[in-house]
Amino acid sequence: METGGDEHSGPETDELGFLLPHLTEQQQADRQRSHNAAGALGREEWTRARIKRRLPRPRVLKKLLRKGGVPADLRPWVWFEISGASSLKASRPPAYYSDLVAASNEGCACARQIELDLPRTFVNHPWLMAPEGQAVLRTVLLAFSLHDPKLGYCQGLNYVAALFLLASGQDSERAFWLLAAMVGRVVAANTYGSNLVGCHSEMRTLGVLMEKKMPRLHKHFQDLGCDVSIIATDWFLCLFATSLPPEVAARVWDVLLYEGSKILFRTSLALLKTYEALLITMDNSGELMHALKHSTGQLWAADRLLSTAFKGIGGLPRAQLDRIRRKQHAQVAMMLREREAKRMAADRQQQQEQQGKHQEEQPGKKQRGAARKPARLANGTDRQG
Amino acid sequence: MDLQQYQSAKLVLLGDMGAGKSSLVLRYVKGTYFDDLAATVGAAFLTKVIHELGIKFEIWDTAGQERYHSLAPMYYRGAKAAIIVYDITSPESFARAKNWVRELQRQGNPDMIMALAGNKADLEEHRAVSPDEAQAYAAENGIYFVETSAKTAANVSELFMDLARKIPKVEATPKPPQAGIALDSQPAAAPRSSCCG
Ligand SMILES: Nc1nc2c(ncn2[C@@H]2O[C@H](COP(=O)(O)OP(=O)(O)OP(=O)(O)O)[C@@H](O)[C@H]2O)c(=O)[nH]1
Ligand SMILES: [Mg+2]
């Protein structure tokens, strides 16, 4: 038995512990090529970094991250440094995390929602589907909801936290700080906040970029009445953890954590470009979304995806991007305010109707009701500049 | 028969997170119950053809968490039918279902056919919403009500079939009304919004 070469007696898993689906020969080749590229590039630099416990110089680092990514065994450390998690941690008292964990044992407003999602997070990962993994994920998410009580818990964070856990040796504190850095420093502000306002702005920004870079595809989306949010909501909330094979998402995060939220646009545009020919043939938004989800879920060629993201979609100057974002953000904020105002007006009207009815039965009570609740938010005031 | 001639009807599922929207749709479309279903982020899309009625359901299964609410108009706009799902073991989910009914009444397509589904009916021992209360609410609002279980399949195909039967027949298949690009509620055929600049 010992001499048998078959070390994989159980189902095959990737280096993060996910069960591997059946791969076609082409997919296996794509996957292998991506892995080889990651291994070959920067072996020397990473070895030196590992020994010295110091990251390569920024210019070199940026190139290494884009071209080959972080070797899996270095990810816990490298991600912690490049994401800002390390400095975030250093800015808090040493017991910050353990205090949060202790406090979360006292009960949390978000506990019910988190509980609902634990058994529904990466169902293709044996450790996460076992009580042990779910307990660790619960700890991280509860602690985070106390760290950022205004945000609390938002669906999507479960996947982000889980991927951090898996990539950092299932160390819950590490995953917590990485999550805090991702939400607080990497992605756009308020991505996960109430109404997902940040996510809406980012998606609309993607729509504008798409029009500039892929006008034909953009036109096709418009013809179908397919809003960008239909395809991009999980991209901006799960950060590709549920859209791409997880190891490919991790490869995107190597760059995302270092270069910031702009990478979400580069990756999104690269995905649209990769599947443009297919998407153009779809004749309704449901089929389009379905086809895109299906395709990205099988995208094992991480090397090609990243090379399209950095070489295949042209420039994305920061100033221009920020200008588009500001404009979209203002529009989204206004749209959400208007919607809220409409809702409140309708509620008021309904209330008055009910009180009118009520008054017929009990005269004398009407005046009070009719004068209540002045209209809020008739005109936007906190528009961001 | 030529599928092109089927009348397509957009159907949207709304309701609190974990109420069982995805489970209901999968029970109906695939005929099975999945214990290990992922939470929905964004939305999922499935279709189901009902040969007897010549209808093709285009089903949008949405995400239930409260803050995802702002994404919902994109999915319910232009819908011919909506299923609002709550969990009979959760009074909060029933309260949210009522909010959805109200929102559809004022923002949705006025001809939209609505059904209220009290799901997880198999969990009788944990029941927290009485069928009488839900029935009374549904009657008051003129919508169809049924208790379902995605797990045991009870009333699931009945629910979808009932909706399908209520969808008014149209002659030639019109291009289904589609969502505009703007996020606010506009008529279905809204012109391009100002998203491009
Ligand atoms: N006992 C029982 N459990 C159910 C039933 N339907 C769904 N569930 C369970 O409830 C949980 C949530 O079900 P989902 O179908 O994912 O709920 P959802 O409404 O799609 O939730 P979101 O996607 O988060 O909005 C899962 O664990 C299901 O197994 C049912 O009829 N009976
Ligand atoms: Mg769901």
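The structure displayed is predicted, hence computed values, not measured ones. So you know, we letter chains A, B, ... as the sequences are listed, proteins then strands, and number each from 1.
- Heavy-atom neighbours of chain A within the stretch residues 123-149 of chain B, taken at a separation under 4.5 angstrom, are nonexistent.
- Side-chain contact between Thr242(A) and Val41(B) is absent, with no heavy-atom pair separated by less than 4.5 Å.
- With a threshold of 4.5 angstrom between heavy atoms, Arg323(A) does not approach chain B through any atom at all.
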The test is side-chain contact (heavy atoms from CB on, under 4.5 Å); show your working for Tyr68(B) and Cys199(A) and say whether it passes.
CA-CA 10 Å; Tyr68(B) 282 69; Cys199(A) 176; over 6 Å; no

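- In this structure, the portions of Cys154(A) lying under 4.5 Å from any heavy atom of chain B include both its backbone and its side chain.
- Side-chain atoms of Trp60(B) and Ile230(A), non-hydrogen and from C-beta on, do get closer than 4.5 Å to each other.
- For Leu237(A), the part sitting under 4.5 Å from any heavy atom of chain B is the side chain, from C-beta outward, and nothing else.
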Quiz: residues 20-33 of chain B side-chain donor-acceptor pairs under 3.5 angstrom, not counting sequence neighbours:
from: Lys21(B); atom 1: NZ; to: Gly15(B); atom 2: O; distance (Å): 3.0
from: Lys21(B); atom 1: NZ; to: Asp16(B); atom 2: O; distance (Å): 2.8
from: Ser22(B); atom 1: OG; to: Thr40(B); atom 2: OG1; distance (Å): 2.9
from: Ser22(B); atom 1: OG; to: Asp61(B); atom 2: OD2; distance (Å): 2.6
from: Arg27(B); atom 1: NE; to: Ala150(B); atom 2: O; distance (Å): 2.9
from: Arg27(B); atom 1: NH1; to: Gly31(B); atom 2: O; distance (Å): 3.1
from: Arg27(B); atom 1: NH2; to: Ala150(B); atom 2: O; distance (Å): 3.3
from: Arg27(B); atom 1: NH2; to: Lys151(B); atom 2: O; distance (Å): 2.8

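- Between Met17(B) and Leu116(A), the closest heavy-atom pair is O-CD1, 3.7 Å.
- Not counting sequence neighbours, the partners of Tyr159(A) by the ring-ring contact (aromatic ring centres under 6.0 Å, His included) test are Phe122(A).
- The backbone N or O of Ser194(A) sits nowhere less than 3.5 Å from a side-chain atom of Glu66(B) that would complete a donor-acceptor pair.
- Within the 3.5 Å criterion, the main-chain N or O of Lys342(A) finds no donor-acceptor partner in the side chain of Arg106(B).
- Atom NE2 of His220(A) sits in a crowded spot, with more than 12 heavy atoms from other residues, nucleotides or ligands closer than 6.0 Å.
- For chain B, the nearby part of Met203(A) is the side chain; its heavy atoms alone come within less than 4.5 Å.
- Between Val123(A) and Leu37(B) there is no side-chain heavy-atom pair separated by less than 4.5 Å.
- For the set Ala63(B), Gly42(B), Ala44(B), Ala38(B), the count of heavy-atom pairs under 4.5 angstrom toward chain A peaks at Ala38(B).
- Looking at Ser70(B) and Leu336(A), their side chains come closer than 4.5 Å, going by heavy atoms from C-beta outward.
- If you measure heavy-atom distances from Leu288(A) to chain B, you find no contacts under 4.5 Å at all.
- Residues of residues 86-105 of chain B lying within less than 4.5 angstrom of chain A, judged on heavy atoms, are Ser90(B), Arg102(B) in numerical order.
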